[in-house]
Each structure stands twice: as structure tokens, then as C-alpha cells.
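Worksheet: the structure to be examined is printed underneath.
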Number of protein chains: 2
Amino acid sequence: MSTNLLLEKQLCFRLYSLNKLMCRLYAPILKDLDLTYPQYLAMLVLWQNMKGISVKDLGNQLDLDSGTLSPLLKRMEARGLLIRVRQSSDERVVIIKLTKEGKALKQSAEHIPGEMFAVTGLTPEKLFSLNQDLDQLMANING
Amino acid sequence: MSTNLLLEKQLCFRLYSLNKLMCRLYAPILKDLDLTYPQYLAMLVLWQNMKGISVKDLGNQLDLDSGTLSPLLKRMEARGLLIRVRQSSDERVVIIKLTKEGKALKQSAEHIPGEMFAVTGLTPEKLFSLNQDLDQLMANING
DNA sequence: TGAAATTTAATTGCGCACAACTCATTTTTT
DNA sequence: AAAAAATGAGTTGTGCGCAATTAAATTTCA
């Protein structure tokens with residue numbers, strides 16, 4: 001009478017719990033920047049695309065669809081972090097461009113990765129191999 | 001001019017993406033049982049506590065507070081999976097008990113863990129060590 | 001004993017995440 | 001060129017996840 005339906009055995013539950021834990025760790029730090037966790041992830045992409053990026057390409061990098069991104073970007077626009085511009089060569093495409101304020105916020109965020117790395121209590125090598133394992137898992141699943 | 005603010009470097013983004021990916025993998029399978037992913041996680045705990053469990057203890061195991069659990073359990077009660085009973089020895093406590101239907105659903109879920117394991121493309125040893133690494137990370141963070 | 005503090009669950013409000021759908025624009029096909 | 005298909009973004013509705021608050025019951029302790 002054995003079962004595999006045990007919470008402690010589930011990889012999925014560990015990912016679920018750790019993701020929530022990460023959100024909670026970031027929340028107080030991001031509050032100083034007036035950003036939510038998903039907004040911070042979006043800013044990481046936008047800081048790498050200072051010339052602008054389409055909603056579609058942003059969604060591909062974040063693995064999010066327009067149903068999530070549209071209202072999220074609307075809120076970020078309302079906070080003055082970015083603007084939306086229709087692409088004249090293809091009117092369907094909306095380009096997201098950071099404002100001065102959005103670009104400037106990068107400086108205030110530079111300390112975050114180091115701070116979070118410290119919290120993980122991992123060696124750089126261990127972090128690297130864990131990242132690799134997770135990438136492998138993702139690749140297997142998306143196979 | 002190097003920065004650590006790169007999405008691809010972030011452990012947190014991998015956990016965020018993999019968790020969403022897991023949800024999407026489970027969704028179609030759980031749809032057959034008319035369960036959402038968080039409801040499935042709750043059922044895992046309830047199937048291990050057939051005599052009943054308090055909302056507080058359930059929340060401790062799932063790492064969820066009553067703000068999330070109360071409406072979730074309400075929906076599951078409406079679906080006929082469980083009932084809520086006030087504990088007579090301490091009227092603050094609400095005990096969650098599975099109905100016959102809730103208990104019976106376990107049989108229909110027995111195939112899920114094996115199916116999901118196959119999708120990960122991991123060896124049993126690799127899965128075990130990944131689970132260990134994630135447990136270690138969680139322990140480090142929770143200090 | 002009686003007031004204060006604690007505990008437990010529920011409620012409210014907000015921001016994702018996503019399915020399903022709409023709408024406008026562009027591309028493909030015939 | 002006209003019809004059909006595909007594409008990109010937005011809207012609607014549902015279900016979490018969590019902070020903040022409320023309300024009731026219990027425990028603490030002055």
C-alpha cells in the first residue's frame with residue numbers, strides 16, 4: 001500500500017515553494033524601487049534593450065502572453081517607467097521604450113543580484129551547477 | 001561596464017519559469033480531475049490526512065496563509081471534495097475533511113507522479129539529487 | 001477574576017497568470 | 001486584386017498569492 005502521491009516527494013512542489021520564497025525575498029528590496037517581482041523581471045529585459053523592444057519579443061523572453069503583459073505594462077507606464085509606441089512599419093506592433101526614469105532606475109538596482117546571491121548561501125560553483133541543472137530540466141521538458 | 005542585471009544569470013528567473021512550466025504541464029492532466037494545480041497540492045496533503053486537518057496545519061504544509069486557503073477551500077467544498085467542521089474543543093479551529101468523492105479521487109490521481117516523472121527526462125538519481133539541492137537552497141534561505 | 005495579548009480563520013483589495021475572445025493589421029493564397 | 005489565413009496587442013473572467021484588516025475564541029497574567 002505505497003503511493004507516490006506524497007507532497008515531500010514532488011519536484012513540482014519544491015519549485016512552487018522556492019518560487020514563492022524568492023518572491024518574498026525580493027519583495028521588500030523591490031519595494032524601495034516601487035517595483036513588483038514580475039515588473040523587476042520585465043525591467044531586466046528592458047535594461048538590456050534600451051532602444052526599445054516589442055511586446056511580443058518581451059513576452060518571448062519572459063515567457064508571458066499579452067494577457068499578462070498588457071495590464072502589467074500599463075501599470076508601469078502609469079508609474080512613468082516606460083512608454084508605448086506603435087511601430088509605423090507595422091501598426092500591429094507596439095514598442096516598449098524606457099523613459100529617463102526607467103533607465104535611471106537601473107543604477108538603484110545594481111546592488112540587488114549580489115545581495116540575493118548572498119542570501120542563497122551557495123558557492124558560485126554550486127549556483128552555476130544548479131542553474132545548469134535547471135536549464136537542463138527546462139530543455140528536457142520543452143524537448 | 002559589466003552588470004549582473006541579466007535575466008539569463010538569475011536563479012530566481014529559472015525558478016519562476018520552471019514553476020510556470022510545471023503548472024502548464026499539470027493543467028491538462030488535472031483538468032480530467034477538475035482540479036487546479038494549487039488544489040492538487042492541497043489534495044496531496046489531504047490524502048495524507050484522511051482523518052482531517054486544520055486550516056492552519058494545511059497552510060503550514062503548503063506554505064500558504066488563510067487569505068489564499070479560505071477561498072480555495074471554499075471552491076473545493078462547493079465541488080463536493082471536502083467539508084469544513086469547527087473543532088468543538090477550540091471553536092477557532094476549522095477542520096478540513098475529505099468527502100467520499102474527495103477520497104475516491106485519489107485513485108484517479110495515482111498515475112500522475114509517474115507520468116510527470118517521465119516528462120522531466122531525469123534519471124531517478126538525478127531527480128533525487130536535484131530535490132536535495134533545492135531542499136538545501138530552501139534551508140539556506142530560511143536560515 | 002478580568003483586562004490584555006495571542007491565536008485562528010475569514011474578508012478585502014491588488015497584482016499577476018492564463019484561457020478564451022475580440023479587433024485591427026499584415027501576409028499568404030488563389 | 002480579393003478572399004483567407006496569420007499575426008500582434010488588448011479585453012474579459014477566473015483563480016491564485018499575499019498584505020492588511022477584522023472578528024471571534026482562547027490563553028496569559030496582572
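Note that this is a predicted model, so its numbers are computed, not measured. The chains referred to below are lettered A, B, ... by the order of the sequence lines, with proteins before strands, and numbering in each begins at 1.
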- Message: Nearest whole Å is fine: how far is D:dG17 P from B:Asp63 CG?
- Response: 10 Å

- Message: Please tell me if A:Arg75 has a side-chain N or O lying less than 4.0 Å from either OP1 or OP2 of C:dC16.
- Response: yes

- Item | Rounded distance in Å - OH (B:Tyr26) to P (C:dC18) | 16 Å

- Message: From the set C:dG15, C:dT11, C:dA9, return the single nucleotide nearest to any side-chain atom of A:Gln39.
- Response: C:dG15

- Between CE on residue A:Met22 and CD1 on residue B:Ile141, distance to nearest 0.5 Å: 4.0 Å

- Where the side chain of B:Arg92 is defined as all heavy atoms beyond and including C-beta, which of D:dC18, C:dT6, C:dC16 is the nearest nucleotide? C:dT6

- Message: Considering every strand and a 4.0 Å limit on heavy-atom distances, what is the contact class for B:Lys31: base, sugar-phosphate, or nothing?
- Response: nothing

- Of B:Pro38 and A:Val93, whose nearest nucleotide on DNA chain D comes first from the 5' end? A:Val93

- Tell me which nucleotide among D:dA9, D:dC18, C:dA10 gets nearest to the side chain of B:Arg86. C:dA10

- Where the side chain of A:Asp90 is concerned, which of C:dC18, C:dT26, C:dC16 is the nearest nucleotide? C:dT26

- Item | Same cluster (ILVMFWY, side-chain, under 4.5 Å), A:Leu105 and B:Leu6 | no

- Note on the structure: In whole angstroms, the gap separating P of D:dC16 from CE of B:Met76 amounts to 9 Å

- Message: Classify A:Ser66 by what it touches in the nucleic acid, base, sugar-phosphate, or nothing, heavy-atom distance under 4.0 Å.
- Response: base

- Query: Within the structure shown, what part of the strands sits under 4.0 Å from B:Leu64 by heavy-atom distance: base, sugar-phosphate, or nothing?
  - Reply: sugar-phosphate

- Choosing from C:dC16, D:dA25, D:dC18, which nucleotide comes nearest the side chain of B:Glu91? D:dA25

- Query: How many Å lie between NZ on A:Lys56 and P on D:dG10, as a whole number?
  - Reply: 14 Å

- Task: Using a cut-off of strictly less than 4.0 Å, decide whether A:Lys20 has a side-chain nitrogen or oxygen near OP1 or OP2 of D:dG17.
- Result: no

- Item | Whichever of B:Asp65 and B:Ser88 has its nearest DNA chain D nucleotide further upstream toward 5' | B:Asp65

- With respect to the phosphate group of D:dT11, does any side-chain polar atom (N or O) of A:Lys74 fall under 4.0 Å of OP1 or OP2? yes

- Under 3.5 Å, is there a donor-acceptor pair linking the side chains of A:Gln136 and A:Asn140? yes

- ILVMFWY cluster, B:Val119 and A:Met138 together (side-chain gap under 4.5 Å): yes

- Query: Rounded to the Å, how far apart are A:Leu69 CG and C:dA19 C1'?
  - Reply: 15 Å

- Below 4.0 angstrom from OP1 or OP2 of D:dC16, is there any side-chain N or O of A:Tyr16? no

- Is B:Leu72 touching bases, backbone alone, or none of the nucleic acid, heavy atoms closer than 4.0 Å? sugar-phosphate

- Query: For residues B:Glu110 and A:Thr3, is any side-chain donor paired with an opposing acceptor at under 3.5 Å?
  - Reply: yes

- Message: Over all strands shown, is B:Ser70 touching base, sugar-phosphate only, or nothing at heavy-atom distances under 4.0 angstrom?
- Response: base

- Expressed in angstrom and rounded to an integer, what is the separation of A:Met43 atom CE from C:dC16 atom P? 13 Å

- Message: With a cut-off of less than 4.0 Å, is there a side-chain N or O of A:Arg84 near OP1 or OP2 of D:dG10?
- Response: yes

- Cluster question for you: counting only ILVMFWY and a side-chain heavy-atom cut-off of under 4.5 Å, with indirect links fine, are B:Leu81 and B:Ile95 together? no

- Round to the nearest Å and state the distance from A:Phe13 atom CZ to D:dC16 atom C1'. 15 Å

- Task: Map A:Tyr37 and A:Ser89 onto DNA chain C by nearest heavy atom, then report which one ends up closer to the 5' terminus.
- Result: A:Tyr37

- Query: Does a side-chain N or O from A:Gln87 land closer than 4.0 Å to OP1 or OP2 of D:dA9, or not?
  - Reply: no

